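I have a structure here, written as structure tokens, and I will follow up with some questions on it.
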Amino acid sequence: MSKSTDKNRVIIFDTTLRDGEQSPGASMNLEEKLRIAQALADLGVDVIEAGFPIASKGDFEAVHEIAKTVKGPVICGLARSGREDIERAAEALRPAKRKRIHTFISTSPLHMKYKLQMEPDAVHEAVIDSVSHARNFTDDVEWSCEDGSRSERDFLYRCIESAIKAGATTINVPDTVGYAVPDEFADLIASIRNRVPNIDKATLSVHCHNDLGLAVANSIAAIEAGARQVECTVNGLGERAGNAAMEEIVMALRTRADVLAYQTGVKTENISKISRLVSTITGFTVQPNKAVVGANAFAHESGIHQDGMLKHAGTYEIMTPESVGLTQSKLVMGKHSGRHAFRVKLKDLGYELGDNAIEDAFRRFKDLADKKKDLYDEDIVALVDDALMQVNNRIKFGELRVVCGSTGPQTADLELEIDGETRKTTASGDGPVDATFNAIRELFPHDARLQLYQVHAVTEGTDAQAEVTVRLEENGKTVNGQGANTDTLVASARAYINALNKLLVKREKTAPAALTA
Ligand code: KIV
Ligand code: ZN
């Protein structure tokens with residue numbers, strides 16, 4: 001086994017909240033971003049790219065709040081090369097103990113000519129100006145050459161050298177359009193190390209997109225060629241086909257330490273938890289056969305494999321489920337469990353709730369225990385997440401009674417509390433879900449379009465809680481709502497109402513048009 005040293009420590013730069021959030025439909029609100037940022041800190045990532053402060057008021061607030069409250073990792077904000085962008089990022093990051101401004105500009109001929117409409121010399125000037133300006137606010141400045149993998153090498157070396165002279169402490173080379181292949185990308189990184197005279201004064205980083213399914217392979221090839229920071233996202237969330245998946249890079253380094261002698265600071269046992277959190281919040285489910293975090297990643301179906309596993313787990317398992325935080329679903333509690341045990345369980349599961357929230361969750365736990373025979377950790381997570389989603393809502397779920405079956409019509413009697421006033425209606429529809437959503441539309445008329453309706457069972461068995469995600473779109477703004485209940489229709493109504501509440505908050509915030517990055 002090769003020996004590893006500090007020189008082989010790889011910095012994990014997580015951009016789930018910035019590049020990940022740029023996936024159409026993955027937008028998150030402030031509370032959700034704070035929860036993910038805290039979970040990233042618990043996971044042990046080194047840098048959290050919390051957003052793009054000039055892009056919208058919501059982005060600014062999220063970066064600012066994360067900078068204020070999340071301790072441990074460096075908090076980073078993205079900025080284009082203009083001074084206003086950089087100042088906005090600096091302002092958002094002000095409360096952070098450790099802050100980084102990440103500024104970027106395109107360096108490829110295609111991007112400079114068509115997107116920026118700038119001559120290379122002007123781009124080079126902008127690199128120097130942006131990095132020098134960012135250094136006025138922090139001594140941790142990252143500079144990225146957008147579309148770096150399709151840039152002309154001599155121009156790239158010149159820009160990188162100047163960025164470092166101007167004060168950049170991290171140089172990030174993105175494969176923005178996921179075009180590179182591993183050997184070629186490794187060669188680019190090696191050539192930057194050989195040809196940029198002051199490269200030893202900065203950390204070399206890579207940022208790979210997954211358009212050809214090569215983002216993780218390219219990131220690992222780059223590490224082997226000398227990169228010591230990788231930019232990645234949980235579940236590989238991100239623009240188009242996504243970014244390099246954090247969990248895949250980290251587990252590849254851990255599992256193949258015999259040939260890849262690099263370490264990260266990630267507590268891999270927290271991987272499954274954060275994967276689930278990001279997928280619940282964004283409504284982007286993880287494909288069952290996804291590496292490391294897919295539902296089947298540790299399932300052994302064929303008889304031959306099962307037989308091998310019984311004789312020795314190593315026959316078909318290269319990493320243990322426990323190493324990514326998957327434990328056998330444990331029977332946790334029953335209807336006789338008391339408040340104290342429930343409190344301790346919440347703490348174990350990573351929830352820090354106030355007394356009122358605990359009381360409310362406990363009451364719902366008791367209701368659930370009356371309906372469901374066996375209660376697992378996953379049930380408690382779904383129940384508490386559902387309760388957290390419903391706080392401060394203008395529209396609150398009251399009661400629902402649905403008539404359905406093969407002889408229609410299907411109808412829904414629904415009661416909601418809207419701005420403190422109770423309202424009731426009966427609506428029919430093409431099936432029970434349609435009837436339920438029609439009833440919500442009658443009680444709270446709106447034009448939002450349903451873009452996604454998704455149900456998944458929290459545990460096994462016919463008495464399992466259903467966890468529902470609803471995505472609504474209005475004037476180009478999308479929101480995801482979640483709800484959980486043993487009754488799928490109640491969970492559906494709660495998810496729809498949660499999405500609607502988020503839309504109301506979004507309506508109040510005017511956001512300038514999204515920026516490209
Ligand atoms: O993909 C990309 O080039 C980016 C940069 C802003 C780093 O996201
Ligand atoms: Zn990107």
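These numbers were taken from a predicted model, which means no experiment stands behind them. Ligands are counted one by one from 1 in listed order, and the atoms in each one are counted from 1 as well.
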N/O separation below 3.5 Å, H207 to ligand 1: yes
Parallel, tilted or perpendicular: ring planes of H209 versus H207, cut at 30 and 60 degrees: tilted
Sole residue of N210, D19, T233 in side chain to side chain donor-acceptor pair (under 3.5 Å) with N243: D19
Closest to atom 8 (O) of ligand 1 among H102, H209, R18 (heavy-atom distance): R18
Side-chain donor-acceptor contact under 3.5 Å, R228 with S205: no
For E146, the ligand 1 atoms whose distance to one of its heavy atoms is below 4.0 Å: 3 (O)
Metal site angle (apex the Zn ion (ligand 2)), NE2 from H209 and OD2 from D19, 10 degrees: 100°
Y453 and Y496 aromatic centres sub-6.0 Å: no
Test item: side-chain donor near acceptor, T103 and R80, under 3.5 Å: no
For D19, the ligand 1 atoms whose distance to one of its heavy atoms is below 4.0 Å: 8 (O)
